[in-house]
Amino acid sequence: MENKQRYEYFAQKYGTITVEGDKTEIRVPVGMDKNKAMGMQGKPRELKKTILRLAAYLACERKLLAAAFLCILIHTLSTLSASYLLRPIINTFIYYAPGKEELAQRLQGLFWALLLLGLLYLVSGATQWVQQRVMLNVSQRTLKHLRQDLYEKIQTLPMSYFDNNSTGDTMSRFTNDVDVVGEMLNTTLIQLISGVITVSGTVILMLMTNWILGLITIIVTPLLVAISKTIVKKGRSAYARQQQVLGMLNGFAEEMISGQKVVKVFNHEETAVEEFTYLNDEMKKTQIRSQFQSSLMGPITHQLCNVVYAVTACAGGILVVKRGFDIGGLTISLNYTRQFNRPINEISMQMNTVFAALAGAERVFEVLEKEPERRGENLLKPERIKGHIEMNHVDFGYVPERTVLHDITLYAKPGQKVAFVGSTGAGKTTITNLLPAFYELQAGEIKIDGIPIEKLDKKVLRQNIAMVLQDTHLFTGTVRENIRYGRLDATDEEVEQAAKAASAHSFIIHLQKGYDTLLENDGAGLSQGQRQLLNIARAAVSKAPILVLDEATSSVDTRTEKYIEKGMDTLMKDRTTLVIAHRLSTVRRANVIMVLEEGRIVERGNHEELLELNGRYAKLCHKMEELD
């Protein structure tokens, strides 16, 4: 592939940001929402709303904020006062024609003046240290509150949110977005407040000392701010491009490393290296540009400050010669010129951090504003659920414009095993996802023990449904803790009984520490079949009257499946069981078999009845026999 073609291919795949002057053109990757791509620039879309929302969190720490503000005020005033004290020190004790009779008296006065000056600087340093400690508490307490609200909100969101948002994007709100808010609260907020107070106090003292020199500084400084703003704007565009390429590079590296087995199986190492080389080269170019533009900020700003300082010094020198302006006044005027420019430069340089933090906060608040699962009012909490299931004329679609289930009607009672068969995408898993009320129906109703599920408390509903999913998931913890996750009050004996029922006990006792073996990285040390057995044991330890098995034995061999079925027979004895399976041995033992096609139940009956029909089920059975 030629360089130009390769660039166009990768640019289309990963997206680009082209910066020309003050304009930034975003080429969005295929399939990516442009609003999400705009978020990469680090600019909040609703600035006022985000600031007010963040201020509400800070208001919870109003006492600490008041203490920090008081420290900032004392620090700034003591610093400005110390600077102003230089005027009488210079005029009274330094700039004079010494006489023998006055020397000792002047030295003593200078000593006490310097002692007062040192005391002011001591107060300034102490209050600065206190304000930093207080703001550190404010920021961390605020971040803790923010993270807590975010995590609690995640627990209330419907499954549709997780269907439409990647895990990586959700995790970045906990890490990257919260971190940039913390960076702003730790340092930037202090600098902004201190800068505003310093500028205000400096303006007053400059005009009090000499209004001519004060006006020169005040008039020339906006030019400095305008130039700095232009530099910052260009630097921000380059930085946005750098961050986007960095995200693409990290994402690509993570994807390729985690999928290394697939890369090697299909012999795509060279292609992977080629793509990484392209992204790595883009990263180099964007970093050079962004770092160069960022490095210009300091020298240019410094030289502009020197220009303002030189103009003020020249005007002050003329005033000393022509109008008898005192040397002490000139000294502190020049000092104030430096102090006036410094906070303005700091404020302009911190604006990138502020906007990045507000953009991060806005992403967090977007999640917090999501509609939670509907809980309803006056929900029922029956003490015992038997497990009678009814689905009456149920229609459902993950998106309103596309219905995937049509007129689903079925009935299941305790002790009954209902199996669902059909081709991939027929809607089998969707039916089982509706039972715990993960999604809302478009039409029809689902009842458990004669009660519509929307009138049941969701916690009670889900406590009475045990599910074994096709995708296994094990938490970091011991084998015993992972099985007990199905019912936290289960005893060790009940845990082991559940493991035996799932045929997991035999391999568990051969692990290094048996049931106390620590599992990490989703049970990386276990085979796929062993992980699934632990998931089945987790469901077995639950006392839920309804059991859902979604391809629960697809990851185990036929011999192990026979052992599991024996244990499951005991487990399912008084439970209502819904089973999705492709293996004939699992399906034929069901009391009722539902055959689905394109979201509709096209056949129903037991194994023998459906074979006699010689319809869709009979054809599926022939395929299952070939697979078995």
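We number each residue from 1, following the sequence as shown. No hydrogens, no waters, no symmetry mates; every other heavy atom, side chains included, goes into these values.
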Query raised in the report: Tell me, do E183 and D179 make a side-chain contact under 4.5 Å, heavy atoms counted?
Result: no
Report task. Please list, chain by chain and in numerical order, all residues satisfying side chain to side chain donor-acceptor pair (under 3.5 Å) with H473, sequence neighbours excluded. Result -> none
Report summary line: Taking every heavy atom of A539 against every heavy atom of V468, the minimum-distance pair comes out as CB-CG2, 3.4 Å
Query raised in the report: Counting only N and O atoms by type, is there a donor-acceptor contact under 3.5 Å from the side chain of R538 to the main-chain atoms of G486?
Result: no
Report task. Output yes when a side-chain donor or acceptor of K153 lies under 3.5 Å from a complementary backbone atom of K370, and no otherwise. Result -> yes
Report task. Under the side chain to side chain contact (heavy atoms under 4.5 Å, CB included) rule, what do K285 and D281 come out as? Steps first, then yes or no, please. Result -> CA-CA 6 Å; K285 291 187 290 186; D281 185 57; 3.6 Å; yes
Query raised in the report: Which value, rounded to the nearest 0.5 Å, describes the distance between F438 atom CZ and F162 atom CZ?
Result: 11.0 Å
Query - Distance-only donor-acceptor check, side chains S139 and N186, under 3.5 Å - result: yes
Query raised in the report: Does a sphere of radius 6.0 Å around CD in E369 hold more than 12 heavy atoms from other residues, nucleotides or ligands, not counting ones at 6.0 Å or beyond?
Result: yes
Query raised in the report: Taking everything shown except E598 itself, do over 12 heavy atoms lie less than 6.0 Å from its CD?
Result: no
Report summary line: Output for pair (L596 CG, R616 CZ), nearest 0.5 Å, gives 11.0 Å
Query raised in the report: What is the ring orientation for F396 with Y439, classed by angle as parallel under 30°, tilted 30 to 60°, or perpendicular over 60°?
Result: tilted
**Report entry** Verdict with reasoning, M256 to E275, per side chain to side chain contact (heavy atoms under 4.5 Å, CB included)
**Finding:** CA-CA 10 Å; M256 289 299 107; E275 294 196 27; over 6 Å; no
Query raised in the report: Tell me, do V364 and V181 make a side-chain contact under 4.5 Å, heavy atoms counted?
Result: no
Query raised in the report: So, do F365 and L54 sit near enough that their side-chain heavy atoms are less than 4.5 Å apart?
Result: yes
Report summary line: Between M467 and I465, the two heavy atoms sitting closest are CG-CG2, 3.8 Å
Requested in this report: Starting from the C-alpha separation in whole Å, work towards a yes-or-no answer on side chain to side chain contact (heavy atoms under 4.5 Å, CB included) for L511 and L526.
Outcome: CA-CA 10 Å; L511 296 176; L526 303 177; 4.0 Å; yes
Requested in this report: State, yes or no, whether a side-chain contact exists between Q140 and L143 at a heavy-atom distance under 4.5 Å.
Outcome: yes
Report summary line: Residues L405 and G427: closest non-hydrogen pair is CD2-O, 3.7 Å
Requested in this report: Report yes or no: does K428 contribute a side-chain atom to a donor-acceptor pair with the main-chain N or O of G422 at less than 3.5 Å?
Outcome: yes
Query raised in the report: Tell me, do L189 and V354 make a side-chain contact under 4.5 Å, heavy atoms counted?
Result: no
Query - Partner set under ring-ring contact (aromatic ring centres under 6.0 Å, His included) for F174, not counting sequence neighbours - result: none
Query raised in the report: When you measure from the side chain of R487 to the backbone N and O of V541, does any donor-acceptor pair fall under 3.5 Å?
Result: yes
Query raised in the report: Taking side chain as C-beta onward, heavy atoms only, is I508 less than 4.5 Å from I483?
Result: yes
Query raised in the report: From R363 CZ over to L368 CG, what is the distance, rounded to the nearest 0.5 angstrom?
Result: 12.5 Å
Report task. Could you tell me which non-hydrogen atom of V479 sits nearest to which non-hydrogen atom of G514, and how far apart they are? Result -> CG2-O, 4.0 Å
**Report entry** Heavy-atom side-chain contact between V579 and V587 under 4.5 Å
**Finding:** no
Query - Inter-residue atom distance L192.CG - M184.CE, 0.5 Å rounding - result: 8.5 Å
Report task. To the nearest 0.5 Å, tell me how far R173 CZ sits from L146 CG. Result -> 12.0 Å
Query - Closest non-hydrogen atom pair, D177 against G360 - result: CB-O, 3.5 Å
Query raised in the report: Please walk me through it: do K458 and E373 pass salt bridge (charged side-chain N to carboxylate O under 4.0 Å, His left out)?
Result: CA-CA 9 Å; K458 281 187 170 57; E373 278 188 313; 5.5 Å; no
Query - Shortest non-hydrogen contact from A437 toward L461 - result: CB-CD2, 3.8 Å
Query - From CA spacing to verdict: side chain to side chain contact (heavy atoms under 4.5 Å, CB included), T170, V367 - result: CA-CA 9 Å; T170 302; V367 178; over 6 Å; no
**Report entry** Side-chain heavy-atom pair L185, V138 within 4.5 angstrom cut-off
**Finding:** no
**Report entry** Separation of N535 CG from Y485 OH (nearest 0.5 Å)
**Finding:** 11.5 Å
Requested in this report: Indicate yes or no for a side-chain donor-acceptor contact from R402 to the backbone of G397 under 3.5 Å, with no hydrogens or angles considered.
Outcome: no
Report task. With sequence neighbours excluded, give me every salt bridge (charged side-chain N to carboxylate O under 4.0 Å, His left out) pair touching residues 509-521. Result -> R480-D516
Report task. Without swapping roles, check the side chain of N280 against the backbone of F276 for a donor-acceptor pair under 3.5 Å. Result -> no
Query - Over 12 foreign heavy atoms within 6.0 Å of CZ, R141 - result: no
Requested in this report: Would you sort out whether R484 and E481 count as a salt bridge (charged side-chain N to carboxylate O under 4.0 Å, His left out), showing the intermediate values?
Outcome: CA-CA 5 Å; R484 187 177 279 132; E481 289 169 343; over 6 Å; no
